[in-house]
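First the structure, in the form of structure tokens, and then the observations on it.
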Amino acid sequence: MKTYPRVLTIAGSDSGGGAGIQADIKAISATGSYAASAITAVTVQNTLGVSAIHNIPVDIVRGQISAVLTDIGADAVKIGMLSSADLARTIAQTLDGFGIRNIVLDPVMVATSGDRLIDRDAVDVLAGELAPMARVITPNVPEAEILSGMKITSADDLPRAAVRLSEKLSRGDGKVSVMMKAGHIDGKELCDWFYNAETGEFTQLHSAKTDTPNTHGTGCTLSSAFASYLAQGFSLDEAAVRSKKYITEAIVAGSGYTIGHGHGPVDHFFKLH
């Protein structure tokens with residue numbers, strides 16, 4: 001009997017549809033996997049920003065995760081923004097009992113405005129308890145600076161930051177690989193760096209920068225695509241290459257659309273047009 005490659009995404013809901021659970025489900029589906037979800041928060045949000053957040057009680061989050069994994073199962077798990085230390089710890093403890101290796105953590109900590117989105121206690125739990133369970137983390141520059149304690153000022157710093165992060169977060173045989181996103185680095189071209197901690201090798205992922213306001217949810221989309229490709233059995237390096245290609249093409253395809261009055265989404269389903 002045929003089975004789907006299964007991905008569980010654990011993240012908040014974006015009522016505007018461009019980021020969070022909505023972006024995750026679109027990206028996982030568009031890249032060929034089955035998406036299940038555990039919602040951690042409900043946001044009042046559109047292309048102009050977030051005006052309110054309602055956090056889901058941790059026992060309900062735990063219940064959602066357990067309900068999915070005890071019935072449907074998952075070949076990969078993607079984790080997005082976590083609002084509190086208690087929530088991060090609950091997710092870590094819940095996942096620990098299921099032995100899932102393909103965990104992709106998008107350590108969302110800093111808004112586009114530069115504002116911190118989670119407090120110090122939550123960062124400590126994320127770094128000390130949740131991130132070491134991940135096979136891959138996908139930080140941008142500000143997030144990598146918070147997690148590594150290292151200042152990143154140029155593209156040359158990205159591979160060093162990736163290695164430092166991996167060494168800080170890895171525990172024993174559980175090596176944490178790092179997709180260092182270069183979106184905050186100036187230049188006409190983007191060069192993300194993927195550090196495969198299991199082989200000790202780097203992959204450089206080049207793309208041209210696209211001049212568009214439609215970049216809402218790019219981090220959610222990339223990490224979800226990465227989890228989707230791991231669920232399908234691709235190697236770490238191949239999943240990195242494929243997820244980078246997918247988000248790049250989705251940004252380009254979505255650049256010609258206008259949705260709302262602020263930062264619109266990428267075109268997750270560009271292959272269907």
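Being a predicted model, the structure only gives us computed values, none of them experimental.
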Keeping [X] on the side-chain end and [Y] on the backbone end, is there a donor-acceptor pair under 3.5 Å?
X	Y	value
E143	N140	yes
N214	Y257	yes
S224	A27	no
T218	T215	yes

**OP:** Not counting sequence neighbours, which residues clear salt bridge (charged side-chain N to carboxylate O under 4.0 Å, His left out) with D124? List them please.
**Re:** R120

Original post:
Residues two or more places apart in sequence or in another chain: which of them pass salt bridge (charged side-chain N to carboxylate O under 4.0 Å, His left out) with K244?
Top reply: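 Only D192 meet the salt bridge (charged side-chain N to carboxylate O under 4.0 Å, His left out) criterion with K244.
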
In one Ile/Leu/Val/Met/Phe/Trp/Tyr side-chain cluster, 4.5 Å: [X], [Y]:
X	Y	answer
L95	I60	yes
V125	V176	no
L82	I100	yes
L105	L236	no
V50	M81	no

Residue pair [X] / [Y]: nearest heavy atoms and the distance that separates them:
X	Y	value
P213	G262	CB-O, 4.3 Å
A41	I39	O-CG2, 3.3 Å
S84	A122	C-CB, 3.7 Å
A162	F202	CB-CE2, 4.4 Å
T221	Y246	CG2-CE2, 3.5 Å
F226	A239	CE2-CB, 3.6 Å

[Y] side chain reached by [X] side chain, heavy atoms, under 4.5 Å:
X	Y	value
L130	I91	yes
T90	V61	no
M109	V123	yes
W193	L205	no
M180	P139	yes
E198	R135	yes
T203	Y195	no

**OP:** Determine whether the side chains of S83 and N55 contain a donor N or O and an acceptor N or O closer than 3.5 Å.
**Re:**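 On atom types as modelled, these side chains qualify, holding a pair under 3.5 Å.
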
[X] side, atom [atom1]; [Y] side, atom [atom2] - distance, nearest 0.5 Å:
X	Y	atom1	atom2	result
H263	T212	NE2	OG1	10.0 Å
M133	I103	CE	CD1	4.5 Å
S177	L165	OG	CG	11.5 Å
K245	T31	NZ	OG1	12.5 Å
I56	L87	CD1	CG	10.0 Å
H261	T258	NE2	OG1	9.5 Å

Subject >> Audit row: R242, D237, salt bridge (charged side-chain N to carboxylate O under 4.0 Å, His left out) steps and yes/no >> reply: CA-CA 9 Å; R242 285 173 175 262; D237 293 338; over 6 Å; no

Original post:
Which residues pass the side chain to side chain donor-acceptor pair (under 3.5 Å) test with H273, sequence neighbours left out?
Top reply: D267

**OP:** Taking side chain to side chain donor-acceptor pair (under 3.5 Å) as the test, write out the residues that go with Q64, two or more places apart.
**Re:**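 Partners of Q64 under the side chain to side chain donor-acceptor pair (under 3.5 Å) test: none.
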
Subject >> Residue pairs passing the salt bridge (charged side-chain N to carboxylate O under 4.0 Å, His left out) test where at least one lies in residues 160-175, sequence neighbours excluded >> reply: D157-R160

**OP:** Go through the steps for T138 and V136 under the test side chain to side chain contact (heavy atoms under 4.5 Å, CB included), then give the verdict.
**Re:** CA-CA 7 Å; T138 61; V136 181; 4.2 Å; yes

Original post:
Is the shortest distance from a Lys or Arg side-chain nitrogen in E249 or K271 to a carboxylate oxygen in the other one below 4.0 Å?
Top reply: no

Original post:
When you check the gap from the basic side-chain N to the acidic O, do R89 and E129 get nearer than 4.0 Å?
Top reply: yes

Subject >> Audit row: E189, H206, side chain to side chain contact (heavy atoms under 4.5 Å, CB included) steps and yes/no >> reply: CA-CA 7 Å; E189 183 185 68; H206 296 271; 3.2 Å; yes

Subject >> Result of checking S33, S243, S223 against S228 for side-chain hydrogen bond (donor to acceptor under 3.5 Å, both in side chains) >> reply: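 Of S33, S243, S223, side-chain hydrogen bond (donor to acceptor under 3.5 Å, both in side chains) with S228 is met by S33 alone.
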
**OP:** Quick one: do V104 and I79 satisfy side chain to side chain contact (heavy atoms under 4.5 Å, CB included)? Show the steps, please.
**Re:** CA-CA 6 Å; V104 179; I79 304 172; over 6 Å; no

Subject >> Worked verdict on I28 versus Y34 for side chain to side chain contact (heavy atoms under 4.5 Å, CB included) >> reply: CA-CA 7 Å; I28 292 163; Y34 178 88; over 6 Å; no

Please tabulate, for the side chains in residues 4-19, all donor-acceptor contacts under 3.5 angstrom to protein atoms that are two or more places apart in sequence or on a different chain.
unit_1, atom_1, unit_2, atom_2, d
R6, NE, D75, OD2, 3.1
R6, NH1, I72, O, 2.6
R6, NH2, D75, OD1, 2.9
T9, OG1, D24, OD2, 2.6
S13, OG, Q22, NE2, 3.0
D14, OD1, G16, N, 2.8
D14, OD1, Q45, NE2, 3.4
D14, OD2, G18, N, 3.1
D14, OD2, A19, N, 2.8
D14, OD2, H216, NE2, 3.1
S15, OG, T43, O, 3.4
S15, OG, Q45, N, 2.9
S15, OG, Q45, O, 2.6

